[in-house]
Amino acid sequence: MDSHVLDPFVKPEDPSDPAAPSAVWLTALARIEQSTAADPAIRALQRKIGSLPLGDVRDLLRGRPLGHPVHPVLVQVPIGCWLSAAVLDLMPAGRSGPTILTAVGLAGIAPAALAGWADWADLPPEQARVGLAHAVTNVAAVACYTVSLTARLRGRTTKGRLWSWGGLAAVAVSGALGGHVAYRRAVGGYPAA
């Protein structure tokens with residue numbers, strides 16, 4: 001199949017249309033990039049992270065031995081676990097899989113967050129602003145999944161599912177923010193060490 005052939009039944013999105021979803025999203029991102037409201041906090045956090053005596057651990061967190069950032073690799077654990085939990089939540093109740101996957105996803109957050117903060121500390125202001133929004137959205141996701149896990153462990157499966165799906169929505173927004181910084185703005189590529 002030729003992937004360049006457009007489906008005649010699908011009207012292509014006109015990115016110049018201000019109501020197009022991509023235009024709305026890119027406008028929101030541009031506003032975040034241009035807003036200087038959080039800059040004092042960003043500069044203070046970047047200085048604090050940059051001053052941590054991490055030595056060779058900083059290079060490891062930034063993925064220099066791999067020749068590319070390690071944060072996108074590490075986020076696969078929580079995202080994969082949580083997406084899998086959401087799929088299993090669609091199955092008949094009474095299974096422990098979603099609870100275990102939610103817990104493993106939460107356990108995988110720390111390494112991914114550490115690597116993300118190590119990368120973020122060196123970002124220029126516009127990308128750091130979007131990166132901070134990415135981090136705040138991740139905090140919301142982790143909060144949702146923490147409530148979900150607590151509910152599941154207490155036998156409140158429906159409540160756990162609802163919080164899990166809320167967390168997955170936050171992860172989707174966070175991923176779009178992180179993807180914008182990493183791919184649209186081409187931040188994070190390192191030469192192999």
Side-chain angles (χ1 to χ4, degrees), residues 25 28-85 100-150 163-164 166-193:
W25 176 250
L29 288 170
R31 287 185 179 143
I32 293 170
E33 288 178 338
Q34 298 306 314
S35 174
T36 59
D39 282 2
I42 288 171
R43 283 191 297 274
L45 274 169
Q46 284 183 320
R47 276 194 305 272
K48 189 66 110 172
I49 293 168
S51 70
L52 292 173
L54 298 176
D56 291 340
V57 173
R58 186 178 314 276
D59 282 347
L60 186 62
L61 287 171
R62 300 209 50 212
R64 290 199 191 272
L66 296 174
H68 61 80
V70 72
H71 175 71
V73 174
L74 294 175
V75 299
Q76 301 308 307
V77 172
I79 292 171
C81 286
W82 294 337
L83 182 58
S84 298
I100 293 167
L101 288 167
T102 299
V104 172
L106 286 167
I109 283 298
L114 289 171
W117 284 112
D119 287 339
W120 178 83
D122 292 328
L123 292 181
E126 287 184 352
Q127 288 79 21
R129 294 172 192 138
V130 177
L132 184 61
H134 169 69
V136 168
T137 310
N138 282 335
V139 169
V142 169
C144 287
Y145 280 108
T146 300
V147 173
S148 172
L149 180 61
T150 301
W163 279 102
S164 176
L168 193 58
V171 166
V173 172
S174 177
L177 290 165
H180 177 76
V181 172
Y183 300 108
R184 186 164 175 93
R185 294 295 178 206
V187 172
Y190 306 110

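Predicted model only: the values in this text are computed from it and were never measured.
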### Query
Given L177 and V181, is the side-chain contact (heavy atoms from CB on, under 4.5 Å) satisfied, shown in steps?
CA-CA 7 Å; L177 290 165; V181 172; over 6 Å; no
### side-chain contact (heavy atoms from CB on, under 4.5 Å) between L60 and D56, worked out
CA-CA 6 Å; L60 186 62; D56 291 340; over 6 Å; no
### Task
Could you please spell out the steps behind the side-chain contact (heavy atoms from CB on, under 4.5 Å) verdict for H134 and N138?
CA-CA 6 Å; H134 169 69; N138 282 335; 3.4 Å; yes
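Within the 4.5 Å cutoff, the side chain of L45 has heavy atoms near those of the W120 side chain. In this structure the side chain of Q46 reaches within 4.5 angstrom of the side chain of L123, judged on heavy atoms.
Rounding to the nearest 0.5 angstrom, the gap separating the CH2 atom in W82 from the CG atom in L101 is 11.5 Å. Atom CD1 of residue I79 and atom CD1 of residue I109 lie 8.0 Å apart, to the nearest 0.5 angstrom. Rounding to the nearest 0.5 Å places NE2 of H180 at 8.5 Å from CD1 of I32. Once rounded to the nearest 0.5 Å, the distance linking NE2 of H71 with CD of Q76 reads 9.5 Å. Here CD of E126 is found 11.5 Å from CG of L29. Values are rounded to the nearest 0.5 Å.
Looking at T150, its side chain does come within 3.5 Å of a backbone N or O of T146 through a donor-acceptor pair. Although no hydrogens or angles enter the test, the distance criterion places a donor-acceptor pair under 3.5 Å between the side chain of S51 and the main chain of R47. Under a 3.5 Å cut-off, the side chain of S35 and the backbone N or O of R31 do not form any donor-acceptor pair. Under a 3.5 Å cut-off, the side chain of Y145 and the backbone N or O of L168 do form a donor-acceptor pair. Here the side chain of E33 pairs no donor or acceptor atom with the backbone of V130 at under 3.5 angstrom. R58 places a side-chain N or O within donor-acceptor distance of the main-chain N or O of L52, the cut-off being under 3.5 Å.
Between T36 and P40, the shortest heavy-atom contact is O-CD, 4.0 Å. Contact detail for V171 and A141: the closest heavy-atom pair is CG2-CB, 3.7 Å. Taking every heavy atom of both residues into account, L61 and V70 meet most closely at O-CG1, 2.8 Å. Pairing each heavy atom of V104 with each of C81, the nearest pair is CG1-SG, 3.6 Å. Between P78 and G105, the shortest heavy-atom distance links the atoms CB-O, 3.4 Å. Between S148 and T102, the shortest heavy-atom distance links the atoms OG-CG2, 4.4 Å.
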